[in-house]
Amino acid sequence: MSHPLDGRVALVAGATRGAGRGIAVELGAAGATVYVTGRSTRARRSEYDRPETIEDTADLVTEAGGHGIAVPTDHLDPAQVRTLVDRIAEERGRLDVLVNDVWGGETLFEWDSTVWEHDLDKGLRLLRLAVETHAITSHHALPLLLRRPGGLVVEMTDGTAEYNRDTYRVSFFYDIAKASVLRMAFALGHELGPRGATAVALTPGWLRSEMMLDAFEVREDNWRDALERFPHFAISETPRYVGRAVAALAADPDRARWNGGSLSSGSLAQVYGFTDVDGSRPDAWRYMVEVQDADKPADTTGYR
């Protein structure tokens, strides 16, 4: 089927840019109606002060073949989230897919900074954005998702449970944030599974997000120019790749087999057969362990 998600309704919380945008677009390409939320709009930018907006994401969803609906929402505000879910219930009467992708921590975490050295206000703000937003959104959205059997919740994080269990991730606050989201998916799996729904944690690999490309001073059309300075960037992937992972999960009638689990775009590509937009199939986390973390020269042979 070219549009396996026709008639389905999705909410991508945190869809302004990066993985959230890629997921929203691919859900649209599969035929879904996608509500996209965030704080950056054409009328007002968030503290990120970047050009991407939720309206742009909604337009991309519609262009891909779905129906994109932009709803400005601060997911730290329970009242705004409740209003959002009430709107979805009134307009559609259902919610089939919830993607908790709110993050907002790129300007807040400090590399290799101990908890006593890290700016406390920034660290606590990071935890609120990365963890509290997900809890608030799930609290208000899950009753609607559970009206029909077969719902899917995707908790977006960075790193698999296996990788993060054995690897210190960036700094205290970053590490705790990403581990918490993995545990959220595990806990939701226990609460949703008996009620006919599925929850998973999902991580992209090294993501060529708008902010990452800017940081490396490249564009999507010339991203390989960054490899001279950052050789392991060769394993990177577009946000559409993890978007295709979510679309594949949502279309899988047997998705309950993943309930409570930790998944990656690369691992799911091996199961469902999708590729990135360039036709490759990067397996970033296996590469991280076997090549990058093993201090081997950058070589993606066999990994994409």
Undergrad: Using atom types as modelled and distance alone, determine if a side-chain donor or acceptor of Asp119 lies under 3.5 Å from a backbone N or O of Lys122.
TA: yes
Undergrad: Any chain of hydrophobic side-chain contacts (each under 4.5 Å) joining Leu202 to Val36?
TA: yes
Undergrad: Rounded to the nearest 0.5 Å, what separation is found between the CD atom of Glu210 and the OG1 atom of Thr16?
TA: 9.5 Å
Undergrad: If you compare all heavy atoms of Gly189 against all heavy atoms of Asn259, which two are closest, and at what distance to 0.1 Å?
TA: O-ND2, 2.9 Å
Undergrad: Quick one: do Val34 and Ile69 end up in the same hydrophobic cluster if we chain Ile, Leu, Val, Met, Phe, Trp and Tyr together by side-chain heavy atoms under 4.5 Å apart?
TA: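 Looking at the clustering, Ile69 is in a separate group from Val34.
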Undergrad: Check whether any side-chain heavy atom of Leu188 lies under 4.5 Å from a side-chain heavy atom of Leu142, and answer yes or no.
TA: yes
Undergrad: Going by an N to O cut-off under 4.0 Å, is there a salt bridge joining Lys296 and Glu290?
TA: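 No, Lys296 and Glu290 are not salt-bridged.
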Undergrad: Would you give the length of the straight line joining atom CZ of Arg50 to atom OG of Ser40, rounded to the nearest 0.5 angstrom?
TA: 9.5 Å
Undergrad: Has Arg257 got more than 12 heavy atoms of other residues, nucleotides or ligands less than 6.0 Å from its CZ?
TA: yes
Undergrad: Contact between Val131 and Met184 at the side-chain level, heavy atoms closer than 4.5 Å - yes or no?
TA: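 Touching, per the 4.5 Å side-chain cut-off.
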Undergrad: In the single-linkage hydrophobic clustering (I, L, V, M, F, W, Y; side-chain heavy atoms under 4.5 Å), do Phe109 and Ile176 co-cluster?
TA: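 Looking at the clustering, Ile176 is in the same group as Phe109.
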Undergrad: Have a look at Ser262 and tell me which of Thr203, Leu182, Asn164 forms a side-chain contact (heavy atoms from CB on, under 4.5 Å) with it.
TA: Leu182
Undergrad: Where the side chain of Asp175 meets the backbone of Phe172, is there a donor-acceptor pair that is under 3.5 Å apart?
TA: no
Undergrad: If you define the side chain from C-beta out and look only at heavy atoms, does anything of Gln270 sit under 4.5 Å from Arg281?
TA: yes
Undergrad: Check whether any side-chain heavy atom of Leu76 sits under 4.5 Å from a side-chain heavy atom of Leu129, and report yes or no.
TA: yes
Undergrad: Can you find a heavy atom in the side chain of Arg208 that is under 4.5 Å from one in the side chain of Ser236?
TA: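 The answer is yes, as the side chains (C-beta and beyond) meet within the 4.5 Å cut-off.
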Undergrad: Quick test of your reading: applying side-chain hydrogen bond (donor to acceptor under 3.5 Å, both in side chains), list the pairs with at least one residue in residues 237-249, sequence neighbours left out, ordered by first then second residue.
TA: Glu26-Arg240, Glu26-Arg244, Glu237-Ser265, Thr238-Asp276
Undergrad: Report the hydrophobic cluster partners of Leu207, with the cluster defined as I, L, V, M, F, W, Y residues connected by side-chain heavy atoms closer than 4.5 angstrom, directly or transitively.
TA: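 In the cluster with Leu207 there is nothing else; it is isolated.
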Undergrad: Could you check whether any side-chain N or O of Arg8 sits under 3.5 Å from a backbone N or O of Leu27, counting only pairs where one atom can act as donor and the other as acceptor?
TA: no
Undergrad: Suppose the criterion is salt bridge (charged side-chain N to carboxylate O under 4.0 Å, His left out): which pairs have a residue in residues 132-146, not counting sequence neighbours?
TA: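 Those involving residues 132-146 are Arg128-Glu132.
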Undergrad: Would you indicate whether Glu162, at its atom CD, is surrounded by more than 12 heavy atoms from other residues, nucleotides or ligands within a distance under 6.0 Å?
TA: no
Undergrad: Apply side chain to side chain contact (heavy atoms under 4.5 Å, CB included) to Ala256 and list each qualifying residue two or more places apart in sequence or on a separate chain.
TA: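 Applying side chain to side chain contact (heavy atoms under 4.5 Å, CB included) to Ala256 gives Thr198.
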Undergrad: Got a sec, which residues hit salt bridge (charged side-chain N to carboxylate O under 4.0 Å, His left out) with Arg195, two or more places apart in sequence or on another chain?
TA: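 Partners of Arg195 under the salt bridge (charged side-chain N to carboxylate O under 4.0 Å, His left out) test: none.
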Undergrad: Minimum heavy-atom separation for Ala284 to Ile235, with atom names?
TA: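 Taking Ala284 first and Ile235 second, the nearest heavy atoms are CA-CG1, 3.7 Å.
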Undergrad: Without swapping roles, check the side chain of Asp283 against the backbone of Gly266 for a donor-acceptor pair under 3.5 Å.
TA: no
Undergrad: Would a hydrophobic clustering, with Ile, Leu, Val, Met, Phe, Trp and Tyr connected at side-chain separations under 4.5 Å, put Val99 with Val200?
TA: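 Yes, same cluster.
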Undergrad: Give a yes-or-no answer on whether the side chains of Arg92 and Tyr35 include a donor-acceptor pair shorter than 3.5 Å.
TA: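 Judged by distance alone, the side chains do pair up.
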Undergrad: Do Leu268 and Phe274 come within less than 4.5 Å of each other through their side chains, counting heavy atoms only?
TA: yes
Undergrad: State, to 0.1 Å, how close Asp252 and Tyr272 come at their nearest heavy-atom pair, and which atoms those are.
TA: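 Smallest heavy-atom distance, with atoms named: OD2-OH, 2.6 Å.
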Undergrad: Decide whether a cation-pi geometry holds between Arg17 and Tyr48; the criteria are a distance under 6.0 Å from NZ or CZ to the six-membered ring centre and an angle within 45° of the ring axis.
TA: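 Pair Arg17/Tyr48 counts as cation-pi.
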Undergrad: With the threshold set at 4.0 Å, does a side-chain nitrogen-carboxylate oxygen contact exist between Arg255 and Asp96?
TA: no
Undergrad: Atom CG in Leu84, atom CG in Asp77: separation rounded to 0.5 Å?
TA: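 Leu84 atom CG to Asp77 atom CG measures 11.5 Å (nearest 0.5 Å).
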Undergrad: Among residues at least two apart in sequence or on other chains, which ones pass salt bridge (charged side-chain N to carboxylate O under 4.0 Å, His left out) with Glu55?
TA: none
Undergrad: Check whether Thr73 reaches the backbone of Gln80 with its side chain - one donor and one acceptor, N or O, closer than 3.5 Å.
TA: no
Undergrad: What do you reckon, are the aromatic ring centroids of His118 and Phe173 less than 6.0 Å apart?
TA: yes
Undergrad: Consider ring-ring contact (aromatic ring centres under 6.0 Å, His included). Of Trp206, Tyr303, Tyr287, which one does His232 pass it with?
TA: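 Among Trp206, Tyr303, Tyr287, the one that satisfies the ring-ring contact (aromatic ring centres under 6.0 Å, His included) with His232 is Tyr287.
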Undergrad: What's the spacing between Leu108 CG and Ser171 OG if we round to 0.5 Å?
TA: 10.5 Å
Undergrad: Can you tell me how far apart OG1 (Thr107) and CG (Leu126) are? Round to the nearest 0.5 Å.
TA: 9.0 Å
Undergrad: Could you tell me which non-hydrogen atom of Leu227 sits nearest to which non-hydrogen atom of Ala234, and how far apart they are?
TA: CD2-N, 3.3 Å
Undergrad: Show the nearest heavy-atom pair for residues Ala250 and Val97, with the distance to one decimal.
TA: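 Here Ala250 and Val97 meet closest at CB-CG2, 3.9 Å.
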Undergrad: Listed by chain and number, what are the side chain to side chain contact (heavy atoms under 4.5 Å, CB included) partners of Pro78, not counting sequence neighbours?
TA: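 Testing Pro78 for side chain to side chain contact (heavy atoms under 4.5 Å, CB included), a comparison that skips the adjacent residues, returns Ile136, His140.
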Undergrad: Please determine whether residues Phe230 and Met288 belong to a single hydrophobic cluster, defined as Ile, Leu, Val, Met, Phe, Trp and Tyr linked transitively by side-chain heavy-atom distances below 4.5 Å.
TA: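 Phe230 and Met288: separate clusters.
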Undergrad: For residues Gly38 and Ile54, report the shortest heavy-atom separation together with the two atoms involved.
TA: N-CG2, 3.5 Å
Undergrad: Side-chain polar contacts of residues 150-157 - donor-acceptor pairs under 3.5 angstrom, sequence neighbours left out - could you list them?
TA:
residue: Glu155; atom: OE1; partner: His134; partner atom: ND1; Å: 2.6
residue: Glu155; atom: OE2; partner: Asn100; partner atom: ND2; Å: 2.8
residue: Thr157; atom: OG1; partner: Lys178; partner atom: O; Å: 3.1

Undergrad: Under the rule for salt bridge (charged side-chain N to carboxylate O under 4.0 Å, His left out), what residues qualify as partners of Asp86, not counting sequence neighbours?
TA: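 Counting only residues at least two positions away or on another chain, Asp86 forms no salt bridge (charged side-chain N to carboxylate O under 4.0 Å, His left out).
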Undergrad: Less than 4.5 Å apart, any side-chain heavy atom of Thr57 and any of Val12?
TA: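 No, their side chains stay 4.5 Å or more apart.
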Undergrad: State which residue, out of Trp111, Trp103, Tyr168, fulfils the ring-ring contact (aromatic ring centres under 6.0 Å, His included) condition with Tyr174.
TA: Trp103
Undergrad: With sequence neighbours excluded, what pairs up with Asp158 under the salt bridge (charged side-chain N to carboxylate O under 4.0 Å, His left out) test?
TA: Arg169
Undergrad: Who are the side-chain hydrogen bond (donor to acceptor under 3.5 Å, both in side chains) partners of Asp293, not counting sequence neighbours?
TA: Tyr163
Undergrad: Indicate yes or no: at least one non-hydrogen side-chain atom of Phe233 is less than 4.5 angstrom from one of Met212.
TA: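 In short, these two side chains touch, coming nearer than 4.5 Å.
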Undergrad: How many angstroms lie between atom CG of Leu95 and atom CG of Leu145, to the nearest 0.5 angstrom?
TA: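 Atom-to-atom, Leu95:CG and Leu145:CG are 5.0 Å apart.
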Undergrad: Sub-3.5 Å donor-acceptor pair from the side chain of Trp285 to the main-chain atoms of Pro204, do we have one?
TA: yes
Undergrad: Name all pairs fulfilling the salt bridge (charged side-chain N to carboxylate O under 4.0 Å, His left out) condition that reach into residues 101-118, sequence neighbours left out, sorted by first residue then second.
TA: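 Pairs touching residues 101-118 that pass the test: none.
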